[in-house]
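Not measured: the values here are computed from a predicted model.
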Amino acid sequence: MTDFEFILVLYALLLGLSMVELLSGFGRTLENEFETEADGRRFKIGWLTPLLGLFVMLDLMSFWLFAWLLREQITVSSEILLGVVAFSASYYLAARLVFPTKPALFEDLDTHYFRVRRTVMGILIALVFAQWAYLMTLEPLRDQLLTPAAMALTGMLVAMMAATMIFKNRRIQAVLLIALSLRYLVIYLV
């Protein structure tokens, strides 16, 4: 077993649980909508929470790709293990907050979105900075990171995530979340 494979098991477990948390949260929310439709109660999923879920899922995939790109650089040490646990546990917490445990407590899921967006985006921004700080310690990757394109793409990502923490308008939030998701889709598909 290589050092990368040893570390990846832990990383994949926690990031995999993050993905499960997003999907099961969305499933609970859909179940609640179907139940409320059947008995005539009012429940509105809205767009913001599902868009946040999509963005978090795409962001999570980017960190999974990030791990693959580092496979030659990874060595087993207690510092790396602690970093992987802290990083992926933070991701799990962000994913866990996207959908409410009890969607039935909300008439409009956008209310939940506005309660958690700052925390979720704050965690994701912190993870971007943690990723960059780690990459700056790896000399072979530092030059690739400090290119104008890499810095611009990361700056745009952080600026849009920060904007979701500031603006209170639902349309602006939706546009930002769509733009954040499209940014990843363009990067993945190009």
Side-chain angles (χ1 to χ4, degrees), residues 10-12 14-23 25-26 46-70 73 79-100 109-138 141-142 144-188:
L10 179 59
Y11 190 68
L14 288 170
L15 288 187
L17 287 172
S18 300
M19 189 76 75
V20 168
E21 206 43 70
L22 285 168
L23 294 171
F26 186 59
W47 287 97
L48 298 180
T49 300
L51 284 171
L52 178 62
L54 174 64
F55 169 67
V56 171
M57 189 175 293
L58 291 169
D59 194 58
L60 189 149
M61 289 170 49
S62 78
F63 283 112
W64 211 300
L65 286 172
F66 165 70
W68 178 252
L69 295 174
L70 294 179
Q73 311 293 325
E79 293 86 7
I80 293 292
L81 283 173
L82 285 172
V84 164
V85 167
F87 190 92
S88 50
S90 298
Y91 220 106
Y92 179 83
L93 178 60
R96 174 66 190 85
L97 292 174
V98 171
F99 289 95
L109 213 51
D110 286 352
T111 303
H112 173 75
Y113 171 81
F114 281 105
R115 287 181 182 167
V116 301
R117 78 186 197 285
R118 287 186 178 131
T119 303
V120 171
M121 289 299 186
I123 291 169
L124 298 184
I125 289 170
L127 292 176
V128 169
F129 285 116
Q131 176 189 32
W132 270 66
Y134 176 69
L135 288 173
M136 294 303 268
T137 68
L138 304 174
L141 297 175
R142 191 177 310 137
Q144 294 173 18
L145 190 64
L146 295 176
T147 64
M151 291 170 54
L153 284 171
T154 304
M156 180 175 63
L157 173 69
V158 170
M160 286 191 295
M161 287 193 297
T164 66
M165 297 171 74
I166 297 167
F167 294 104
K168 294 181 181 179
N169 182 286
R170 290 174 195 246
R171 286 188 180 151
I172 292 172
Q173 290 289 328
V175 167
L176 287 167
L177 291 168
I178 290 168
L180 282 163
S181 297
L182 286 175
R183 177 196 171 276
Y184 274 128
L185 290 174
V186 167
I187 289 170
Y188 289 148

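Contact detail for Val120 and Ala94: the closest heavy-atom pair is CG2-O, 3.7 Å. Of all non-hydrogen atoms in Leu127 and Ser90, the two that sit nearest each other are CD2-CB, 3.9 Å. Nearest approach of Ala162 to Ile125, heavy atoms of both residues: N-CD1, 3.8 Å. Nearest heavy atoms, Thr154 versus Arg183: N-NH2, 4.1 Å. Across every non-hydrogen atom of Ala150 and Gln144, the tightest pair is CB-O, 3.7 Å. Contact record, Thr164 with Met121: OG1-CG, 3.1 Å, taken as the closest heavy-atom pair.
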Assess the residue pair Leu177 and Arg117 against the criterion (side chain to side chain contact (heavy atoms under 4.5 Å, CB included)); give the C-alpha distance rounded to whole Å, side-chain angles, the decisive distance to 0.1 Å, and a yes or no. CA-CA 11 Å; Leu177 291 168; Arg117 78 186 197 285; over 6 Å; no
Pair Gln131-Phe66, side chain to side chain contact (heavy atoms under 4.5 Å, CB included): steps then yes or no: CA-CA 9 Å; Gln131 176 189 32; Phe66 165 70; 2.9 Å; yes
Pair Tyr91-Leu14, side chain to side chain contact (heavy atoms under 4.5 Å, CB included): steps then yes or no: CA-CA 8 Å; Tyr91 220 106; Leu14 288 170; over 6 Å; no
Checking side chain to side chain contact (heavy atoms under 4.5 Å, CB included) for the pair Val98/Val116: CA distance, chi angles, key distance, verdict? CA-CA 7 Å; Val98 171; Val116 301; over 6 Å; no
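Atom CG of residue Leu93 and atom CG of residue Leu97 lie 4.5 Å apart, to the nearest 0.5 angstrom. The CG atom of Leu124 lies 8.5 Å from the CG atom of Leu157; values are rounded to the nearest 0.5 Å. Remark: Leu54 CG to Thr49 OG1 distance equals 12.5 Å, nearest 0.5 Å. Of the inter-residue distances, the one linking Leu185 atom CG with Ile178 atom CD1 reads 11.5 Å to the nearest 0.5 angstrom. From Tyr113, atom OH reaches atom CZ of Arg118 across 10.0 Å, with rounding to the nearest 0.5 Å. Atom-to-atom distance recorded for Leu145:CG and Met136:CE is 6.0 Å, nearest 0.5 angstrom.
At most 12 non-hydrogen atoms from other residues, nucleotides or ligands lie less than 6.0 angstrom from CZ of Phe129. Shown here is Trp64, whose CH2 atom has more than 12 heavy atoms of other residues, nucleotides or ligands within 6.0 Å.
Side chains of Met57 and Leu23 form a contact here, defined as non-hydrogen atoms less than 4.5 Å apart. Met161 places a side-chain heavy atom less than 4.5 Å from the side chain of Phe55. Between Ile172 and Leu176 there is a side-chain heavy-atom pair separated by less than 4.5 Å.
Ring pair Phe87/Phe63: centre-to-centre distance below 6.0 Å.
In terms of the ring pair (Phe, Tyr, Trp, His ring centres under 6.0 Å) criterion, residue partners of Phe26 (sequence neighbours excluded) are, by chain and number, Phe99.
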